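Computed from a prediction, not measured in an experiment: that's the story for all the values here. Quick note on labels: first sequence line is chain A, next is B, and so on, each numbered from 1.
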2 protein chains.
Amino acid sequence: MAAPAPEASEAGTLHEQIVNKLRAVLLNGELADGARIPEAQLCLRFGISRTPLREALKVLAAEGFIELRPNRGSIVAPIDPVEVGHLFEMKGTLEQMIGRLAAVRATAEDAARIERAHAALASPPEPAAYTALNQEFHRALALATHNPVLLQSYDNLQKRVLRLRFVVNENPQRVLESFGEHEGIMVAFRARARLDLAERLEEHNRLTGEAVRRTLKGESA
Amino acid sequence: MAAPAPEASEAGTLHEQIVNKLRAVLLNGELADGARIPEAQLCLRFGISRTPLREALKVLAAEGFIELRPNRGSIVAPIDPVEVGHLFEMKGTLEQMIGRLAAVRATAEDAARIERAHAALASPPEPAAYTALNQEFHRALALATHNPVLLQSYDNLQKRVLRLRFVVNENPQRVLESFGEHEGIMVAFRARARLDLAERLEEHNRLTGEAVRRTLKGESA
DNA sequence: CGGGTCATTTTTGAATGCAAAATGTCGTCC
DNA sequence: GGACGACATTTTGCATTCAAAAATGACCCG
């Protein structure tokens with residue numbers, strides 16, 4: 001229903017809103033990796049004082065987006081290539097779980113949402129939108145598991161990985177491949193073939209992870 | 001102060017210490033489910049003001065231990081039997097992952113730690129200690145994956161499940177069974193049989209989850 | 001005697017203020 | 001000319017304070 005949200009903003013508690021806005025700032029790449037978090041500036045921008053902002057900082061630190069250095073300010077958590085491997089490894093496991101559960105538990109409504117998300121990816125209006133639509137698709141599958149614990153963990157991982165999207169998006173070759181894999185995923189989903197679906201999702205994740213690592217390596221080289 | 005807990009107290013940032021102490025209070029069951037969090041009291045007890053305490057509250061809310069009700073205070077997140085199922089489902093997936101990875105990646109040091117933890121369980125000094133030793137054992141396996149992302153997620157789940165320990169501990173029958181399953185787990189681990197280890201861990205988790213659900217149902221009935 | 005309204009108290013959420021720590025600047029000395 | 005150290009500035013972390021919202025209770029009226 002609602003928004004693929006260009007910016008998560010109006011939902012839930014005020015505290016949650018701040019957390020979301022702050023996370024959006026980080027995900028948008030407005031702040032370079034390792035950059036100091038400009039508390040004062042963000043307070044101005046959000047029209048709040050330091051107290052609620054710092055509460056949000058602590059939460060985002062716990063989520064892994066920010067690094068808290070005692071008495072020396074917070075910085076944007078730098079992207080560590082080793083950790084990227086760990087993130088994808090974890091995500092692969094969750095994808096498998098999602099595949100097995102979604103195949104069994106998806107309601108008609110879930111299926112419709114998944115189909116819709118998949119269809120939207122067939123003709124992405126622009127490359128920049130691809131990432132958001134892609135996330136929408138995978139999230140629709142995660143929703144179909146009807147396991148909120150899994151969903152939350154998966155969401156968090158997705159967002160952490162999202163920080164790397166700029167290195168993925170720019171590869172049209174990989175985008176094409178990715179859509180092909182989605183087609184396969186949909187075949188398995190429509191057949192409600194749980195093991196096949198799980199395997200395809202895991203493989204898809206693995207390939208994406210490899211593409212990311214390749215690009216990261218290429219950049220740093 | 002009757003805090004025998006040799007655990008989470010003096011480590012890391014002051015902020016982290018507060019989070020840990022507060023989480024310990026919740027895990028110790030000092031506050032009933034759904035009970036209001038007595039901010040003022042905890043401030044006194046920890047010798048801090050409300051600002052850092054509230055930062056910790058937000059973090060614990062994000063971790064799922066506390067429920068934040070706008071303008072109406074925070075409460076201890078009530079245990080929802082349905083969510084317990086979701087927690088164990090998720091934990092089962094992670095256990096599988098742990099099994100597959102630990103079998104392959106465990107160093108000699110990891111193996112030693114795992115053996116030690118297992119041996120400690122053979123003759124638990126008292127039933128009350130069983131839970132802690134049990135967690136130690138499973139955590140040792142998680143450590144052997146050398147994936148910090150997985151470890152953090154697993155730790156969080158363990159702690160959330162830990163809130164239910166009182167319903168598990170009191171079943172000596174289940175404790176015996178559990179140790180038997182651990183024996184099998186060790187056989188698979190020593191042989192570095194990744195698929196076998198994964199399956200045994202998952203099965204062990206499933207059985208534990210069922211025992212918890214049974215007890216929960218018995219209580220509410 | 002019960003139900004409802006309004007004032008009082010308590011609690012919550014956020015802004016401000018303050019002490020300590022870190023950072024940056026500049027002068028001095030080698 | 002460069003390195004070191006004292007001083008000023010900024011930033012951080014926390015306590016305190018303040019306004020608004022909810023809980024409590026007193027009172028009135030039917």
note: Glu55(B), atom CD; dA14(C), atom C1'; distance rounded to Å ~ 13 Å

With the side chain of Ser49(B) defined as its heavy atoms from C-beta on, choose the nearest nucleotide among dA22(C), dC14(D), dA15(D).
dA15(D)

Is Arg50(B) side chain donor-acceptor paired with the dG13(C) base, going by distance under 3.5 Å alone?
yes

Any cation-pi pair here, Lys159(A) with Phe65(A), using under 6.0 Å and within 45°?
no

Taking the inter-plane angle between the rings of His204(A) and His138(A) on a 0 to 90° scale, is it parallel (under 30°), tilted (30 to 60°) or perpendicular (over 60°)?
parallel

Arg36(B) side-chain N/O to dA23(D) phosphate OP1/OP2 under 4.0 Å
no

Check whether Phe46(B) forms a cation-pi arrangement with Lys21(B) (NZ or CZ under 6.0 Å from the six-membered ring centre, at most 45° off the ring normal).
yes

Considering only heavy side-chain atoms of Thr51(A), the closest of dT16(C), dA22(D), dT16(D) is dT16(C)

Nearest-angstrom distance from the residue atom CG of Asn71(B) to C1' of dA21(D)
5 Å

Side chain to side chain donor-acceptor pair (under 3.5 Å): pairs with one or both residues in residues 63-84 of chain A, sequence neighbours excluded:
Arg23(A)-Glu63(A), Glu83(A)-Arg160(A)

Any side-chain N or O of Arg54(B) below 4.0 angstrom from OP1/OP2 of dG13(C)?
yes

Quick note, Pro52(B) side chain, CB onward, closest among dA23(D), dA15(D), dA14(C) is dA15(D)

